[in-house]
Amino acid sequence: MAVGIFDSGLGGLTVLNAAQKRLPDVDFLYFADSAHAPYGVRDAENIYGLTRKAVNDLWNRGCDLVILACNTASAAALRRMQEEGVPEGKRVLGVFVPLIEALTERQWGDNSPPREVAVKHVALFATPATVSSRAFQRELAFRAIGVDVEAQACGGVVDAIEDGDLILAEALVRSHVDALKRKMPEPQAAILGCTHYPLMAETFQRALGSDVQVYSQGDLVAESLADYLQRHPKMQGDGESGFLTSGKPAFVSDRATQFLRRQITFEAA
Ligand code: DGL
């Protein structure tokens, strides 16, 4: 049984890559809704509709578990989908919680009351839709008290990455970090709250300075998925993977191959 990994485009590959390394025997089916990327400039209703459709598609293709490897979809659609109820035997999970559990020094799934944590000043870099949802702050408030979060909506970065224009993406990242530092001069930690941003992790780290701890979701989500699969062992497979896109498969395959530095071949969804 394959685990479905969903993103608006290429960003979720940063999660898939980490998950494949951590769980080499698990089968994965990746779906990039490239025809509708970026999601981060859409309204919540629209993001919900697109996410719901893609997740249904992955469920219908046999994925019992789908990971929204997209913060924007997690922010706009996850809670609503879970509240509306999912089909028998199917599950959908997001990418916020593992990150916040790591930031707040918790074990996976530790739901004890919020408490004081070491990190007090946190910079959040995310898409405009994720920032305006305040979903990150809400999830954090369930687990920690006294943490000051300054959010920077990083307009344009996802488009530049999807287009393969990394020079533009770097320039935009530097200017978004400058803007954040004007609001919070000395963050202790920075959250890359969009799965596309780890592709620019070095630029973020350089612009922030080496004393800022940068959190990316790939390894954290992979670790929490490993914990989940240990409790649901029927999902072990042969380590196979498939890649689907609603966009142009040849173009998306080229970009994905460039980013992951291994051949990735997308097919039309
Ligand atoms: N990778 C998505 C995220 O984590 C990008 C969203 C977009 O398409 O704007 O938020």
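One-based numbering, in listed order, for ligands and for the atoms of each. By convention here, the first residue in the shown sequence is residue 1. Computed from heavy atoms alone, side chains included, the values below leave out hydrogens, waters and symmetry copies.
Within the 6.0 Å centre-distance limit, the rings of Phe204 and Phe125 are counted as a close aromatic pair.
Between Glu223 and Arg22 there is a salt bridge, since at least one side-chain N of the basic residue sits less than 4.0 Å from a carboxylate O of the acidic one.
Surrounding CZ of Arg134 are at most 12 heavy atoms belonging to other residues, nucleotides or ligands under 6.0 Å away.
Considering backbone and side-chain N/O of Thr130, none are found under 3.5 Å from N/O of ligand 1.
Against a heavy-atom cut-off of under 4.0 Å, Thr72 is close to the following atoms of ligand 1: 3 (C), 6 (C), 10 (O). Short contacts between ligand 1 and Thr127, defined as distances under 4.0 Å to a heavy atom of the residue, involve ligand atoms 6 (C), 9 (O), 10 (O). Each of the following atoms of ligand 1 lies closer than 4.0 Å to a heavy atom of Gly40: 7 (C), 8 (O), 9 (O). Heavy-atom contacts of Asn71 reach the following atoms of ligand 1: 3 (C), 4 (O), 10 (O) (cutoff under 4.0 Å).
A donor atom on one side chain and an acceptor atom on the other are not found under 3.5 Å apart for Ser253 and Thr265.
Between Cys70 and ligand 1 there is a heavy-atom distance shorter than 4.0 Å.
At a 4.0 Å heavy-atom cut-off, ligand 1 touches Pro38 through backbone and side chain alike.
Under the ring pair (Phe, Tyr, Trp, His ring centres under 6.0 Å) rule, Phe243 has a single partner from Phe6, Phe266, Phe31, which is Phe266.
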